[in-house]
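First up is the structure itself, then whatever we jot down about it.
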Protein chains: 2
Amino acid sequence: MIGRRKIRLYVTVGQRMLRDSLLFQLLLNDEVELVGESETGVDTLNRLGAARPGVLLIEENLQDNDGLTIAESALSLHPSLSVLLISDTPVSTGRLAIYLEAGIKAVVSKHQPVQELMKTLLYIRNGQVYVSARHNAAERMPTALNAYRALSRREQEVALLMASRVPVRDIAEQLGVSCKTVHSYKDRIFVKLGFERLPELILFMHRHQHGATS
Amino acid sequence: MIGRRKIRLYVTVGQRMLRDSLLFQLLLNDEVELVGESETGVDTLNRLGAARPGVLLIEENLQDNDGLTIAESALSLHPSLSVLLISDTPVSTGRLAIYLEAGIKAVVSKHQPVQELMKTLLYIRNGQVYVSARHNAAERMPTALNAYRALSRREQEVALLMASRVPVRDIAEQLGVSCKTVHSYKDRIFVKLGFERLPELILFMHRHQHGATS
DNA sequence: AATACTTTGTAGGAAATTCCTACACGAAAA
DNA sequence: TTTTCGTGTAGGAATTTCCTACAAAGTATT
């Protein structure tokens, strides 16, 4: 029972660079339909009516107002709207409670990976509330490392090579298997890690190898 | 004479969400090789030596220090490094002068589109300084509108349909031409507008049609 | 006006990619 | 010991990407 109809998305993010890059990311999913965007809170309120979004993705701190206030106004006008707030800092449980109280469906912080946004979007699309797993730092690293462990020997080999941008053709040759096989591994890797595009794998492998920044 | 060897890139951006989405964007270009990333200035200075990047992409405001300071330290240790600063606000000419004085190769503000980043990166890769065209707001909108006008009739039709996620197959049928032809239009559209992926076109068309935010 | 260069509409070929499906074999679970 | 699961391997179909082509219309140049 997966929500079938498209997600009508409205995005309110002040800085163009972030707005664009989030949108590029989200629009890769063909269930996402962009119905509007704004840089400010008032502009958002003005346009919401015409855009009729199902989900409002809004920054916590806007130039003119704070996202919470705008979200509350928006909700009073369009009660069926699902609001996803993007906070600047990791959200404390207390603060989260306040948000949920206000009718916001989920909060994602800018310190979380982008993929969380998409995941969250899919969760709240039908009005459910979504509280992300670890709002507490601690157990984040393991996710990545375990994920790597979950790959089989061959998959790991291929992941490594692909992350270095070695062409499929060459990987096949090096491993002595057919290109088709390499593609199979690729598919499996992407499924296992939940990736869609090469850059995600490159970043993942880089982080895996350089232990660092999570 | 296009710089052939890969761009060894180091990225220092505090918030994971922005860092990831910028990287996803930049890594789509296969000339970009990620050699390191940090959230903070000191961490950056610690790792730069080992990573040996050609370009350092660094935020102006970091938690622990400001990007300018870090960039200066980095430059004194690695004079051949090209630094690209990401500023929070549009940069005034005066401020820009200060940055250039410090040896920074280019500044891009978070209010500019992501694509500017990539463009700038390509410009400064070989050590040149790059001062982006419009640091003054005014003549931005036209760019987008003119770009659309630059498309031929058929290209406009296809752009419109593709931005609505109509499958190539259906577009071909609707226009009464072959899929191959539609692909040709697609290619031309992307070349003319300088796009690489569908989301860019979707966003472009959305903005074109809703005049707005640009 | 006549010749030359550019854009537009149209499409084909080759290679690569995506999305499925298949299938044997060893390992693990029932 | 059957059944089930993960892994190594690969094939097919449809789509996409990247080029190339080419005639007719349009623009520019001499």
Side-chain angles (χ1 to χ4, degrees), chain A residues 2 4 24-25 27-32 118 146-202 204-205, chain B residues 2 4 24-25 27-32 118 146-202 204-205:
Chain A
I2 315 153
R4 271 308 80 185
F24 286 164
Q25 208 58 36
L27 289 173
L28 282 173
N29 187 316
D30 63 10
E31 289 180 80
V32 175
M118 191 64 226
N146 288 343
Y148 184 75
R149 297 268 160 63
L151 300 181
S152 75
R153 177 178 60 84
R154 249 38 270 258
E155 285 160 0
Q156 291 185 6
E157 298 180 276
V158 171
L160 194 59
L161 292 167
M162 289 215 316
S164 314
R165 292 215 157 92
V166 178
V168 170
R169 143 82 65 34
D170 298 3
I171 297 177
E173 204 179 314
Q174 267 180 59
L175 302 188
V177 297
S178 104
C179 285
K180 283 332 206 95
T181 306
V182 175
H183 278 296
S184 289
Y185 291 137
K186 184 189 175 181
D187 289 348
R188 283 184 186 166
I189 291 166
F190 277 45
V191 168
K192 281 190 181 176
L193 303 180
F195 295 160
E196 294 286 333
R197 302 256 161 354
L198 187 60
E200 291 173 83
L201 180 62
I202 294 180
F204 174 84
M205 289 302 290
Chain B
I2 315 151
R4 272 307 79 186
F24 285 165
Q25 207 59 33
L27 289 173
L28 282 175
N29 187 317
D30 64 10
E31 288 179 81
V32 175
M118 192 62 226
N146 289 342
Y148 183 74
R149 297 267 160 65
L151 300 181
S152 75
R153 177 178 59 85
R154 244 48 264 255
E155 284 160 2
Q156 291 184 4
E157 298 179 277
V158 171
L160 193 60
L161 292 167
M162 290 214 316
S164 313
R165 294 217 156 90
V166 178
V168 170
R169 143 81 63 30
D170 298 3
I171 297 177
E173 204 179 314
Q174 269 179 59
L175 303 188
V177 297
S178 103
C179 285
K180 282 331 205 95
T181 306
V182 175
H183 277 296
S184 289
Y185 291 138
K186 182 187 176 183
D187 290 348
R188 285 184 185 167
I189 292 166
F190 277 46
V191 168
K192 282 190 180 175
L193 303 180
F195 295 161
E196 293 287 332
R197 302 254 161 0
L198 187 60
E200 291 172 84
L201 181 62
I202 295 179
F204 173 83
M205 290 302 290

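All values below come from the heavy atoms of this structure, side chains included, with hydrogens, waters and symmetry mates left out. In what follows, chains carry the letters A, B, and so on, assigned in the order in which the sequence lines appear, proteins first and then strands, with residues in each chain numbered from 1.
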Handout entry: Nearest-Å distance for atom pair CZ/P, residues A:R149 and D:dG6
Key = 19 Å
Practice task
Applying ring-ring contact (aromatic ring centres under 6.0 Å, His included), name anything that partners A:F190, two or more places apart in sequence or on another chain.
Solution key: none
Fill in the blank from the handout: Sorted by chain and residue number, the salt bridge (Lys or Arg N to Asp or Glu O under 4.0 Å) partners of A:K192 (sequence neighbours excluded) come out as A:E155
Fill in the blank from the handout: Residues B:A163 and B:I202: closest non-hydrogen pair is O-CG1, 3.7 Å
Exercise for the section: Using a 4.5 Å cut-off on heavy atoms from C-beta on, say whether the side chain of B:V32 contacts that of B:M118. Expected result: yes
Handout entry: Inter-end axis angle, the helix from C:dA1-D:dT30 to C:dA30-D:dT1, with every axis fitted to five base pairs (rounded, 10 degrees)
Key = 30°
Exercise for the section: Using the test side-chain contact (heavy atoms from CB on, under 4.5 Å), find all partners of A:E200 that sit at least two apart in sequence or belong to another chain. Expected result: A:Q115, A:F195, A:E196, A:R197, B:F24
Practice task
For B:D170, check side-chain contact (heavy atoms from CB on, under 4.5 Å) against everything at least two apart and list the hits.
Solution key: B:V166, B:P167
Handout entry: Euclidean distance, atom CD of residue A:E155 to atom P of D:dA10 [Å, nearest integer]
Key = 15 Å
Exercise for the section: Tell me which residues in residues 162-183 of chain B put a heavy atom below 4.0 Å from DNA chain C, sorted by number, or none. Expected result: B:V177, B:S178, B:K180, B:T181
Exercise for the section: Using a 4.5 Å cut-off on heavy atoms from C-beta on, say whether the side chain of A:R165 contacts that of B:L27. Expected result: yes
Taking only N/O atoms, report every protein-nucleotides 20-24 of chain C pair under 3.5 Å with atom names and distance.
none

Problem - Between C:dC19 (C1') and A:Y185 (OH): distance, integer Å - result: 18 Å
Problem - Side-chain N or O of A:R153 closer than 4.0 Å to phosphate OP1/OP2 of D:dT7 - result: no
Handout entry: Between C:dT8 (C1') and B:L151 (CG): distance, integer Å
Key = 12 Å
Practice task
For residues B:A159 and B:L201, report the shortest heavy-atom separation together with the two atoms involved.
Solution key: O-CD2, 4.0 Å
Practice task
Applying salt bridge (Lys or Arg N to Asp or Glu O under 4.0 Å), name anything that partners B:R154, two or more places apart in sequence or on another chain.
Solution key: B:E157
Practice task
Taking only the side-chain nitrogens and oxygens of A:K186, find out if one of them lies under 4.0 Å from OP1 or OP2 of C:dA16.
Solution key: no
Handout entry: A:E196 CD - D:dT16 C1' separation (whole Å)
Key = 16 Å
Practice task
Not counting sequence neighbours, which residues clear side-chain contact (heavy atoms from CB on, under 4.5 Å) with B:S184? List them please.
Solution key: none
Handout entry: Spacing of A:L28 atom CG relative to D:dT16 atom P, expressed in whole Å
Key = 14 Å
Completion exercise
Here the distance between atom P of C:dT18 and atom CZ of A:F195, to the nearest Å, is 15 Å
Completion exercise
Shortest non-hydrogen pair, B:A147 vs B:L193, comes out as CB-CD2, 3.6 Å
Completion exercise
Taken to the nearest whole Å, CZ/B:R154 to P/D:dA24 is 18 Å
